[in-house]
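Below you'll find the structure, written out as structure tokens, and then a few comments.
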Amino acid sequence: MSQKIRLRYAPSPTGFLHIGNTRTALFNYLFAKHYNGFFILRIEDTDTERNVDGAIVSQLDNLRWLGIEPDETIDRPGDYGPYRQLERLDLYQKYAHELLEMKQAYYCFCTASELEQDREAQLAKGYLSPRYNRKCWKLSPSDVRAKLVQQIPYNIRFFVPDNSSYDFDDLVRGPIHFEGKDLGDWVILKSNGIPTYNFAVVIDDMLMAISHVVRGEEHISNTPKQLMIYQAFKASPPVFAHLTLIVNEQHKKLSKRDSHLMQFISQYRTLGYLPTAIFNFISLLGWSPIGTTEIFTHDELIKLFDETRFSKSPSMFDVKKLTWMNNYYLKQLSDEDYLAFVRPFLEQGYDLTKKTPVWVNMLLLIYKKELQYGAEIVTLTKPFFEPVEQVASETRTVLTELTDYEAMMATFKRELEQLTDWTEGNIKDLITKMGNQYDKKGKHLFMPIRIFTSHQEHGPELVKVIYLLGKEQVINNITKLQ
Ligand code: GLU
């Protein structure tokens, strides 16, 4: 690609960073970086009633945490600012007035109630998609002047010729065609001086020299309106890529209101998901490289990105896969990084002041292989902090399936009591001794010992578990089941 590659993510600050908009940001980012281009983050805040306090700061913070750093944005301006639409209102005014002069747009003095009445009349006549009746298009120049002098509020409306048509070649969908007569004349600038989305987005993309637009498929129907504005200014439009839907496991479109499914990046961040895992996971929502590998670093994804490989079918948001990936990335951390990452979660769950750092580190490390996300460490390590009152009935059932362990456990307990030096080596030797003495191995040796000592049927390395529980706790646990 010879032209300068510039892509943008243009969130409306109406909410927090969601899986869907993160995906949009991510693909725009990967696309830009793959071609050594620029990734711009612009704030589309013209829908002032829907703006949410703190949304911008939080979205930027979470994107940066994921490793998606804009080259140009509100707090890192480039040559194309301002990067917030409410600071660009004079630009929209200027371009709307140019369209008025070119007779591609006109003043519309109709009030909201007039428009509503007309809409209802058209619906009553059976028109399925009512359009503006062009009353104000027909006003004479002197009528218009008179109304302007009287300071009657007006919208500026774009004139869409009936015989026009709009085509674009979508990177995901291929050729898409719209007829102008189905669209109707639409408002580009409202009477309060605020532009509508379809107008502002084009002025911004044009002035910011955006070369490609990657966004959700809900914007396909907006694209013809946007193409009209490019045409009016004789500007070439960007290349569009409309990503397919993200669906849940029931194949329904993700709904932000579905509280059963966590969909915001901050929720995963709080629970202790790694940014590397989320970045990797989201990069495969609606896109894939050649081959079957699914684990890629940030830099590999930039290298591999290929805009011809967007998927044409919906992608499924599979939390189990995300969790699997997170576990994978946690295991890849060095022990030092892992401990620094997981320790704060344990500190949130339990009072560690009486524990030695060596004990805490060892405890955290025995769960490194199985830990799915940071906060899970609190549940996993519960037996080390809050011994169970009642042994789970399933655990007792497992015991009933084993035979002839009572004598061994009695001996094991006695030997443990006599152990003066509580070391991993001594505990390990004792277990070996039990195996030899009672002629048991594998499950028949380890399962009773694990259940009696820890009250759990599964867990990490048995010797370490016993060591970390400590002599007193282990003896108490055994006694409870005898
Ligand atoms: N502000 C729009 C949105 O959040 C941006 C759409 C676009 O990328 O053009 O959906």
Side-chain angles (χ1 to χ4, degrees), residues 5-32 37-52 55-60 62-63 68 70 72-74 80 82-89 91-92 166 168 170-173 176 178 186 188 190 194-230 235-246 253-256 263-265 282 285-286 307 310:
I5 299 299
R6 291 176 58 84
L7 289 97
R8 78 333 184 250
Y9 166 56
S12 302
T14 52
F16 300 98
L17 195 62
H18 178 258
I19 293 289
N21 43 24
T22 311
R23 177 183 68 156
T24 305
L26 180 57
F27 285 135
N28 280 289
Y29 171 81
L30 290 177
F31 199 148
F38 290 81
F39 172 64
I40 292 107
L41 189 147
R42 174 177 78 226
I43 304 293
E44 302 206 329
D45 54 355
T46 52
D47 195 352
T48 46
E49 273 163 29
R50 295 185 57 220
N51 291 346
V52 171
I56 298 177
V57 173
S58 153
Q59 285 218 22
L60 258 170
N62 281 305
L63 283 172
I68 305 177
E72 299 169 22
T73 189
I74 45 172
Y80 298 81
Y83 293 87
R84 187 195 295 260
Q85 287 189 329
L86 284 180
E87 292 171 16
R88 299 171 64 82
L89 295 182
L91 289 167
Y92 310 126
Y166 303 91
F168 64 102
D170 193 272
L171 266 179
V172 183
R173 313 296 174 115
I176 300 188
F178 286 92
W186 53 284
I188 56 174
K190 295 186 282 185
I194 306 236
T196 55
Y197 156 70
N198 280 313
F199 182 59
V201 78
V202 177
I203 302 305
D204 292 346
D205 285 345
M206 216 164 61
L207 296 179
M208 293 184 180
I210 298 301
S211 59
H212 297 76
V213 167
V214 180
R215 60 188 177 193
E217 67 172 14
E218 67 277 14
H219 288 293
I220 291 180
S221 58
N222 287 320
T223 311
K225 290 186 178 169
Q226 299 176 13
L227 290 174
M228 299 173 193
I229 307 292
Y230 286 104
S236 37
V239 173
F240 292 100
H242 287 98
L243 304 171
T244 52
L245 282 184
I246 305 179
K253 184 179 176 209
L254 285 193
S255 154
K256 289 185 187 160
Q263 299 174 41
F264 292 94
I265 298 302
I282 295 183
L285 286 179
E307 70 280 13
F310 284 121

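Throughout, numbering of the chain's residues begins at 1 and tracks the sequence. As the structure lists them, so they are numbered: ligands from 1, and atoms in each ligand from 1.
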Sequence neighbours excluded, the answer for salt bridge (charged side-chain N to carboxylate O under 4.0 Å, His left out) partners of R215 is none
Could you tell me how the ring of F264 sits relative to the ring of H18: parallel (under 30°), tilted (30 to 60°) or perpendicular (over 60°)? perpendicular
Which pairs with one or both residues in residues 6-19 pass salt bridge (Lys or Arg N to Asp or Glu O under 4.0 Å), sequence neighbours excluded? R6-E72, R8-D205
Any luck finding a side-chain donor-acceptor pair between Y80 and D204 under 3.5 Å? no
Under a 3.5 Å cutoff, is there a donor and acceptor pairing between the side chains of Q85 and D45? no
Sequence-distant partners of N21, side-chain hydrogen bond (donor to acceptor under 3.5 Å, both in side chains), two or more places apart: none
When you check ligand 1 against the protein, what N or O pairs turn up below 3.5 Å? List the atom names and distances, or just say none.
from	atom 1	to	atom 2	distance (Å)
ligand 1	1 (N)	A10	O	2.8
ligand 1	1 (N)	S12	OG	3.0
ligand 1	1 (N)	E44	OE1	2.7
ligand 1	8 (O)	R8	NH1	2.6
ligand 1	8 (O)	R8	NH2	3.4
ligand 1	9 (O)	R8	NH2	2.9
ligand 1	9 (O)	Y197	OH	2.6
ligand 1	9 (O)	R215	NH1	2.8
ligand 1	10 (O)	H219	NE2	2.8

